[in-house]
Every structure is written in C-alpha cells, then in structure tokens.
K.L.:
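Encoded as structure tokens, here's the structure I'll be asking about.
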Amino acid sequence: MKSSSQTLIWAVVFLSCLSAPAVGQEKTATSGLGTAGPIVHGTPEDPLRDPRETHLRHVKQLTFGGQNAEAYFSYDGRRLIFMSTREPYKCDQIFVMNSDGSDQHLVSTSEGRTTCGYFYADGKHILYSSTHAAAKDCPPRADYSHGYVWGVYPEYQIYYATDAGKILSQLTDGPGYNAEATISADGKKIVFTSSRDGNLEIYAMNADGSEAKRLTHALGYDGGPFFSPDGEWIAYRAHHVKTDEEIAKYKSLLAQGLVEPSEMDLWVMRSDGSEQKQITKLPGASFAPSFYPGSRRIIFSSNYEHPTSSQFELYAVDRDGKSLEQITFAGGFNAFPQFSPDGKRLVFISNRNGKAPHEINVFIADWVP
C-alpha cells in the first residue's frame, strides 16, 4: 500500500480543488486504492449506507466505474459538475450530469488534463482548470523518485465556458499553477490557488477574472478554498513549512512543479483574507472542506484516525475548531463533500462497493441534521 498522501492527490486536488488532497490532481496515482472498495453492509432499504452514518439517508450511487471526483452542485441544485477519468480519456476531463445521475456528458475540450469544475450562479456557465492550451496530450505524471509528490502543473489555467462546453475566455494567464477555483454564493467572487508569486497561495478575483488579490502569505501550500454560504468566510487546507529542511525541500519541489501533500490541516479566514486561523491539528491529512448551510460548521475529509493508511472518512467541525464529529464509517476513501444549496442533500465521492481497483464514484444522500 502506498502512502495516504497519494490518495490525497485527487483532492486538491483532485485538488481539491485537487485537488486533493488535493486530489485536484493526480487521480491516476491512486494510493491505497489498489483493491476493490470496501463492502457496505446496509439495510434492504438503504444498502449503500453504513448504519452508523446517522446523518445520511437514501444513499445513491451516481457514477459506475472509472475515477470520478469533485462533484459540485449547480446553484439550483439540479445538476452536478465533476471530473472523471473514463474511457476513452486517459486523464481527467470535466463532465456534467443531473443530480439523479442521468445525462452524463463531457463539457471540457477532451484535451490536456482538467480539474476543479464549478457552476456560475446563472447555471449557464462554468469554470474549470485545464492544460489543453499547452498540449493536447495529458501532461506527464509526477516523478515519484522524489517520494510521494503531486504535480502542480504550471500549464493549468482557469477557463470560463458555457455549460455546453464552449470556452468563452481564459480567466488567468502568465506563469504558474492556477486551479482549485470555486465561486461565492452570490456569484461575484472566485477564490483559487496559484503559484504565480512563487508559492502556493490562495487568491480571490472577480467573476470575470479581474482584480486578482492574494489572500495568504505563509510559506507552504495553501489551497482548496471554499466560500461560506453567507460569503463572509473561506475554508481551506494548508501545510506551512517551518524548519530549514522542510523549506529547502518544499522550494526544490515547487521549482520542478511538484508538491508533497502528505500533511494538511484546515484553516479559515475572512473573505478578505483577514483573521486566518488554523482549526484542526490532526495527524495525517485533512482536506476538502466545505460549509454547512448555516456557515458555522464545516464538513471535510481526513485520515487522522488512520494517518498511515488510505482510509479517509468524512468529519465535521465547528468553524472555531470545536465539536469534531465523524460522518461516514464505510472505510476506504470518502472525500469532497458538498451540501446542496437547500441543505437537504450531500454529495460526496467514495470507493464504497467499488468493483475494481482504483474505482471511485460519486454518491448523493439525503441529509439528516
């Protein structure tokens, strides 16, 4: 079994907006997913829900096979945008489907590697990051001779497109990784991760890509940002390097377009970048945070109970770091949770009941407060 950080890579990023973490990224380098997924022993009425998952009801699988991640709701809750590696594509592309899993179709160019799709508030437009302008082929995978690393490809730029897939404009340019973008509930602001200033930092810009402003300044990786529904807060994942050895390694890897996402914790800040505060201090990696509808609580993924394994479950914590609670109990990999705009449903990805190695699917469930 490879290290837990390998699983992360979808997070972030898929990084995580892969992330994550940042899987937002290298989903093909699935760590700890080399066997079929864990079998859930549910009830006849709810076979995909572990009985301990008391906040979930009527768990439904929406994708079947391949590597699927980062499914996020449209503002009316009727559709989901997600990334997927499935035939005939050799690396992640962006797809859209109805929230019941029907009408799955490609909306990215089918060229390069993509990550982190998100709907605009009007439901008619989307954004996502892609490397297609640099090359039609998938970029090379990260060189694991450096240890477990994630490729923060400098070719990633953020694009604005119709929900049918027509690219209308490029929102970022210049050197450096630009990805992990999400949009505020009022549709006016985009928050994203970029290495444009020589470090992996979080930025905010207008919905048209103008007036980008840097929000974080600590050396290390800050990424996977999400606005709270009230627009006042941003939750994100971070690992700040401190010792001379950590700093040297981080800078060396970043100069090669690489990062080592093995340790991460959750942070929050005001939407203008002020009041930055670490809210978890857990072993392993915690990532993919998003807010409850009331903006006071955060749901996220972590392997902290098994920090040397690839077992990631969903947890929740108050915005001030209190009242940690486990949400999923299926085992395996569970990540990228997001509530529907009305707060009645939760979408997440999981390898529960996966029939093949490296299979990860999108699931949706009714939410029980």
Side-chain angles (χ1 to χ4, degrees), residues 1 4 7-8 10-11 23 30 32-65 67-73 77 80 82 99-101 266 280 282-294 296-318 322-340 342-369:
M1 181 178 292
S4 61
T7 304
L8 275 181
W10 299 0
V23 155
T30 55
L33 298 171
T35 61
I39 301 301
V40 174
H41 299 286
T43 65
E45 297 78 20
D46 213 349
L48 293 175
R49 181 181 71 89
D50 186 289
R52 294 170 291 177
E53 296 172 339
T54 57
H55 287 292
L56 307 182
R57 290 290 186 276
H58 308 124
V59 178
K60 179 182 179 182
Q61 184 173 340
L62 301 183
T63 61
F64 296 85
Q67 298 165 357
N68 305 276
E70 291 199 70
Y72 301 127
F73 282 102
L80 293 162
F82 66 106
S99 60
D100 64 1
L266 302 189
T280 66
L282 301 170
S286 297
F287 74 107
S290 64
F291 283 88
Y292 276 54
R296 294 183 178 274
R297 196 156 168 79
I298 293 167
I299 188 167
F300 66 102
S301 179
S302 181
N303 70 340
Y304 89 91
E305 294 189 273
H306 308 277
T308 60
S309 79
S310 61
Q311 182 172 332
F312 284 77
E313 300 285 6
L314 301 184
Y315 299 85
V317 69
D318 288 347
K322 298 178 181 179
S323 303
L324 183 66
E325 177 187 14
Q326 187 169 345
I327 304 298
T328 61
F329 293 82
F333 185 70
N334 301 270
F336 302 108
Q338 190 202 31
F339 286 99
S340 59
D342 62 8
K344 294 181 178 180
R345 293 174 294 170
L346 183 76
V347 67
F348 62 102
I349 68 119
S350 178
N351 70 335
R352 62 181 67 196
N353 286 21
K355 293 179 170 55
H358 312 310
E359 179 181 345
I360 294 185
N361 288 297
V362 179
F363 291 78
I364 195 168
D366 294 336
W367 180 255
V368 181

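Counting from 1, the numbers follow the sequence of the chain as shown. For clarity, every value in this text was computed on a predicted model and none was experimentally measured.
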K.L.:
What is the distance from atom CD1 of I364 to atom OG of S99, rounded to the nearest 0.5 Å?
P.N.:
5.0 Å
K.L.:
Side-chain contact test, heavy atoms from C-beta onward, threshold under 4.5 Å: evaluate it for V59 versus D46 and give yes or no.
P.N.:
yes
K.L.:
At their closest point, which heavy atom of G284 faces which heavy atom of P307, and how far apart are they?
P.N.:
N-CB, 3.8 Å
K.L.:
Please report the interatomic distance OG(S340) to CG(L346), rounded to the nearest 0.5 Å.
P.N.:
8.5 Å
K.L.:
Where do V362 and A71 come nearest, in terms of heavy atoms and distance?
P.N.:
CG1-CB, 3.7 Å
K.L.:
Taking the side chain as every heavy atom from C-beta outward, state whether N303 and S310 have any pair of such atoms under 4.5 Å apart.
P.N.:
no
K.L.:
Contact between F329 and L314 at the side-chain level, heavy atoms closer than 4.5 Å - yes or no?
P.N.:
no
K.L.:
Do NZ/NE/NH1/NH2 and the carboxylate oxygens of R297 and E325 come within less than 4.0 Å?
P.N.:
yes
K.L.:
Do H58 side-chain atoms and A365 backbone N/O form a donor-acceptor pair below 3.5 Å?
P.N.:
no
K.L.:
Check whether any side-chain N or O of N68 sits under 3.5 Å from a backbone N or O of I360 as a donor-acceptor pair, and report yes or no.
P.N.:
yes
K.L.:
Quick one: are E359 and N361 in side-chain contact, heavy atoms under 4.5 Å?
P.N.:
yes
K.L.:
Quick one: closest heavy-atom pair of A288 and P337, and the distance?
P.N.:
O-CD, 3.6 Å
K.L.:
So which of L56, T54, D50 actually passes side chain to side chain contact (heavy atoms under 4.5 Å, CB included) with R52?
P.N.:
D50
K.L.:
Please identify which of these residues, F300, F312, Y304, meets the ring-ring contact (aromatic ring centres under 6.0 Å, His included) condition with F287.
P.N.:
F312
K.L.:
Taking all heavy atoms of S286 and all of S302, pick out the closest pair and write down the distance.
P.N.:
OG-OG, 2.9 Å
K.L.:
Write out all pairs satisfying salt bridge (Lys or Arg N to Asp or Glu O under 4.0 Å) with one or both partners inside residues 55-64, taking only residues at least two apart or from two chains.
P.N.:
none
K.L.:
Please lay out, stage by stage, how N334 and T328 fare under the test side chain to side chain contact (heavy atoms under 4.5 Å, CB included).
P.N.:
CA-CA 8 Å; N334 301 270; T328 61; 3.9 Å; yes
K.L.:
Got V347 and L80 here, is their nearest side-chain heavy-atom distance under 4.5 Å?
P.N.:
yes
K.L.:
Atom CD of Q326 and atom CD of E305: how far apart are they, to the nearest 0.5 Å?
P.N.:
5.0 Å
K.L.:
Quick check against the 3.5 Å criterion: does T280 have a side-chain atom that pairs as donor or acceptor with the backbone of L282?
P.N.:
no
K.L.:
Of all residues at least two apart in sequence or in a different chain, which pass the ring pair (Phe, Tyr, Trp, His ring centres under 6.0 Å) check with F73?
P.N.:
none
K.L.:
Look up atom CZ in F363 and atom CG in L48, then write down how far apart they are to the nearest 0.5 Å.
P.N.:
6.0 Å
K.L.:
Are R352 and E53 ion-paired here, with the side-chain N under 4.0 Å from a carboxylate O?
P.N.:
yes
K.L.:
Roughly how far, to the nearest 0.5 Å, is CD of E313 from CZ of F333?
P.N.:
11.0 Å
K.L.:
Kindly compute the distance separating CD1 (I349) from OG (S301), expressed to the nearest 0.5 Å.
P.N.:
8.0 Å
K.L.:
I would like to know whether Y72 and F82 meet ring pair (Phe, Tyr, Trp, His ring centres under 6.0 Å); could you show each step before the answer?
P.N.:
CA-CA 7 Å; Y72 301 127; F82 66 106; over 10 Å; no
